[in-house]
Trainee: 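My questions will all concern the structure given below.
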There are 2 protein chains.
Amino acid sequence: MKGYQREARDDDDAGPGTLQPWEALVVDAVGNVIDFWKFKRNQGRVWAVLYLRGKAMSATEIQEALGLSKGGVSMLVRELEQWNVVVRVRAPRDDVWRYAAETDLMKMVGHVITEREHQLVKSVLEDLEGALDDAKEAGADAAVIARLRRMKTLADLVDRALRAFVQTARFDVGNAFEVLADPDKVERPERRRR
Amino acid sequence: MKGYQREARDDDDAGPGTLQPWEALVVDAVGNVIDFWKFKRNQGRVWAVLYLRGKAMSATEIQEALGLSKGGVSMLVRELEQWNVVVRVRAPRDDVWRYAAETDLMKMVGHVITEREHQLVKSVLEDLEGALDDAKEAGADAAVIARLRRMKTLADLVDRALRAFVQTARFDVGNAFEVLADPDKVERPERRRR
DNA sequence: GTTGCGGTTCAAGACCTCTTGAACTAGATA
DNA sequence: TATCTAGTTCAAGAGGTCTTGAACCGCAAC
């Protein structure tokens, strides 16, 4: 439960990076949220600079902006790529990789939910099923069995809710999931794909 | 990102506790979920035994069941009490405290959301507002300002979504949030309170 | 070839959180 | 009063995760 509300306004003082103070504020805020979401704080910070600056940045630029180590940036961007949260681009005449922030929230959140949360729920369901069988076999109390069933029901509900969310949110009411996108770059037709 | 999918079926082997193997399975599954939710794994395990056993247990019983230390149990139950997830009871003729699992999901989840998530969103909103002001003052690029605004919009949306969830889920469709409750103990009228 | 640069990998260590266990309080018993 | 048990607190240590920095690779320029 590390930092969902760090000592308020005291981490914007120094920091080794070269960010503007107000940039640092945003970047760290995103870092907190992301850290809370069980990703690495610095993953959030990297995405945040990329989004905020609005242009693809090289690893070195990221490194300097955030005051991270070379190796660290390399790892962070790879992880972010794997989560579909950042894309790696190499312009024709360019000889370094540059990274740009994904802005389609559903692309990001959806991926996380299906890859990670769903995974968790699935494994819990398996455990509960296993336990249910064993408990019956061991002649456990009927009330206990009933509670086990209820837990399983709950896990099922959550599982379905997650699926439903991911399935429907793509084509969902309003453009809530495109808030972050640059207005004149939103590709409407894209949404019908898949 | 410790344990949302630990090495599958290998933590049910030993464990110092006196739980039945199938109990351990359930307890650890809940522990994983809760750990993932940024609470302590053992908080989840304590709630799980209490729920599974279906009766109020003393600290000593919990300690033995889960193989925890005396001091640890004391801290864990206190924290769980604070989150409205466990209640401390002392029966008339009883000379020890006993703890029972809360089963009203909304009571638990709602509390967490209002106390913790909402808190996070609020602090992010403040940071973004602060950054927005500073950025304007520092004469930042218009596109950057626009992106900052979009982030703030998103934070606002999330804030409202959370509020809405907590507000409506109490009186919500179906009894999805009472899955865990003992059927003949659900107090319907209670739901209209507040 | 060799020098320089972008990029990756990984062992070592920094950093943090959680748990333990001993010391302590309070109340009950004798 | 002395002694026992339930319960709390907290410093020290265990156990994790994250970051660093050095070694390394590949490629291009010289």
Side-chain angles (χ1 to χ4, degrees), chain A residues 1-7 11 15-17 28 31-32 34-46 56-83 86-99 116, chain B residues 1-7 11 15-17 28 31-32 34-46 56-83 86-99 116:
Chain A
M1 224 175 287
K2 185 169 49 182
Y4 67 91
Q5 201 201 15
R6 340 236 327 265
E7 305 90 278
D11 35 305
D28 289 344
N32 287 342
I34 254 48
D35 173 62
F36 197 58
W37 237 132
K38 281 234 160 187
F39 289 92
K40 297 181 192 163
R41 168 179 305 270
N42 278 333
Q43 290 174 343
R45 302 211 313 142
V46 169
M57 293 170 70
S58 71
T60 314
E61 287 167 336
I62 296 173
Q63 184 185 340
E64 280 160 7
L66 300 180
L68 301 172
S69 69
K70 193 158 107 105
V73 173
S74 175
M75 296 205 38
L76 291 169
V77 292
R78 180 153 43 77
E79 291 154 3
L80 289 172
E81 268 187 284
Q82 282 164 354
W83 286 109
V86 147
V87 288
R88 177 190 293 237
V89 292
R90 175 112 68 171
R93 271 265 142 270
D94 204 349
D95 61 343
V96 297
W97 286 110
R98 293 181 183 279
Y99 305 89
R116 206 178 65 169
Chain B
M1 224 174 283
K2 186 169 48 181
Y4 65 91
Q5 200 203 13
R6 340 240 323 267
E7 305 90 281
D11 37 306
D28 289 343
N32 286 342
I34 254 46
D35 172 62
F36 197 57
W37 239 120
K38 282 235 160 186
F39 289 92
K40 297 181 192 165
R41 169 180 303 269
N42 277 333
Q43 289 175 343
R45 301 211 314 141
V46 170
M57 292 170 71
S58 70
T60 313
E61 286 166 337
I62 296 173
Q63 184 184 340
E64 281 162 5
L66 300 180
L68 300 172
S69 69
K70 194 159 107 102
V73 173
S74 176
M75 297 207 36
L76 290 169
V77 293
R78 180 153 44 76
E79 291 154 3
L80 289 171
E81 268 186 285
Q82 283 164 354
W83 285 110
V86 146
V87 289
R88 177 191 294 238
V89 293
R90 175 111 70 171
R93 272 265 140 271
D94 205 348
D95 60 344
V96 296
W97 285 110
R98 293 181 182 279
Y99 305 89
R116 206 178 64 168

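Keep in mind that the numbers below use all heavy atoms, side chains included, and drop hydrogens, waters and symmetry copies. So that the names make sense, note that chain A is the first sequence line, chain B the second, and so on, each numbered from 1. Just so we're clear, the structure is a prediction, and the values are computed from it rather than from any experiment.
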Trainee: Which nucleotide, C:dG6, D:dC18, D:dG7, lies nearest any side-chain atom of B:Trp97?
Mentor: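 That would be D:dG7.
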
Trainee: Roughly, in whole Å, what's the span from CZ in A:Phe39 to C1' in D:dC18?
Mentor: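 About 16 Å, once rounded to whole Å.
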
Trainee: May I have the distance from B:Glu79 (atom CD) to C:dT19 (atom P), rounded to whole angstrom?
Mentor: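 For the pair B:Glu79 CD and C:dT19 P, the rounded distance is 9 Å.
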
Trainee: Counting only side-chain heavy atoms from C-beta out, which of D:dT8, D:dT9, C:dG6 sits nearest to B:Arg78?
Mentor: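 Given the options D:dT8, D:dT9, C:dG6, the side chain of B:Arg78 is closest to D:dT9.
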
Trainee: Quick check against the 3.5 Å criterion: does A:Arg88 have a side-chain atom that pairs as donor or acceptor with the backbone of A:Glu81?
Mentor: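 Side chain of A:Arg88 to backbone of A:Glu81: no pair is present.
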
Trainee: Have a look at A:Asn42 and say if it touches a base, only the backbone sugar-phosphate, or nothing, with a 4.0 Å heavy-atom cut-off.
Mentor: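 If one applies the 4.0 Å heavy-atom cut-off, A:Asn42 turns out to touch the sugar-phosphate alone, with no base involved.
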
Trainee: Round to a whole Å and report the spacing from CD of A:Gln43 to C1' of D:dC18.
Mentor: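 It is 10 Å, rounded to the nearest whole Å.
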
Trainee: Rounding to a whole Å, what distance do you find between A:Gln63:CD and C:dT8:C1'?
Mentor: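 It is 13 Å, rounded to the nearest whole Å.
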
Trainee: Flag the pair A:Asp35 and B:Lys38 as a salt bridge only when some basic side-chain nitrogen lies within less than 4.0 angstrom of an acidic carboxylate oxygen.
Mentor: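 Between B:Lys38 and A:Asp35 there is a salt bridge, with a charged N closer than 4.0 Å to a carboxylate O.
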
Trainee: Report the nucleotide, chosen from D:dT8, C:dT8, D:dT19, that has the shortest atom-to-atom distance to any side-chain atom of A:Leu76.
Mentor: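 Among D:dT8, C:dT8, D:dT19, the one nearest the side chain of A:Leu76 is D:dT19.
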
Trainee: May I ask you to say what B:Arg88 touches in the nucleic acid, namely base, sugar-phosphate or nothing, with a heavy-atom cut-off under 4.0 Å?
Mentor: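 Sugar-phosphate contact only - B:Arg88 comes under 4.0 Å of backbone atoms but never of a base.
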
Trainee: I'd like to know if A:Lys70 reaches the base of D:dG21 with its side chain, counting only an N/O donor and acceptor under 3.5 Å.
Mentor: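 Under the 3.5 Å cut-off, the side chain and the base do not form any donor-acceptor pair.
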
Trainee: Please test B:Asn42 against B:Leu66 for side chain to side chain contact (heavy atoms under 4.5 Å, CB included), starting from the C-alpha separation and ending with a verdict.
Mentor: CA-CA 9 Å; B:Asn42 277 333; B:Leu66 300 180; 5.6 Å; no

Trainee: Atom CG of A:Asp35 and atom P of D:dT17: how far apart are they, to the nearest Å?
Mentor: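 Distance, rounded to whole Å: 14 Å.
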
Trainee: Measure CG/B:Asp95 against P/D:dT5 and give the value in whole Å, please.
Mentor: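 Distance, rounded to whole Å: 12 Å.
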
Trainee: Rounding to a whole Å, what distance do you find between A:Ile34:CD1 and D:dC18:P?
Mentor: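 Atom CD1 in A:Ile34 sits about 14 Å away from atom P in D:dC18.
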
Trainee: A:Arg98 and side-chain contact (heavy atoms from CB on, under 4.5 Å): which partner among A:Ile62, A:Val87, A:Val89?
Mentor: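 Only match with A:Arg98 under side-chain contact (heavy atoms from CB on, under 4.5 Å): A:Val89.
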
Trainee: If you apply the rule side chain to side chain contact (heavy atoms under 4.5 Å, CB included), what do you find for A:Ile34 with A:Lys40, and how did you get there?
Mentor: CA-CA 7 Å; A:Ile34 254 48; A:Lys40 297 181 192 163; 5.9 Å; no

Trainee: To the nearest angstrom, how far is B:Asp94 atom CG from C:dG27 atom P?
Mentor: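 To the nearest whole Å, that distance equals 17 Å.
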
Trainee: Where the side chain of B:Met75 is concerned, which of D:dA23, D:dG7, D:dC10 is the nearest nucleotide?
Mentor: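 It is D:dC10.
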
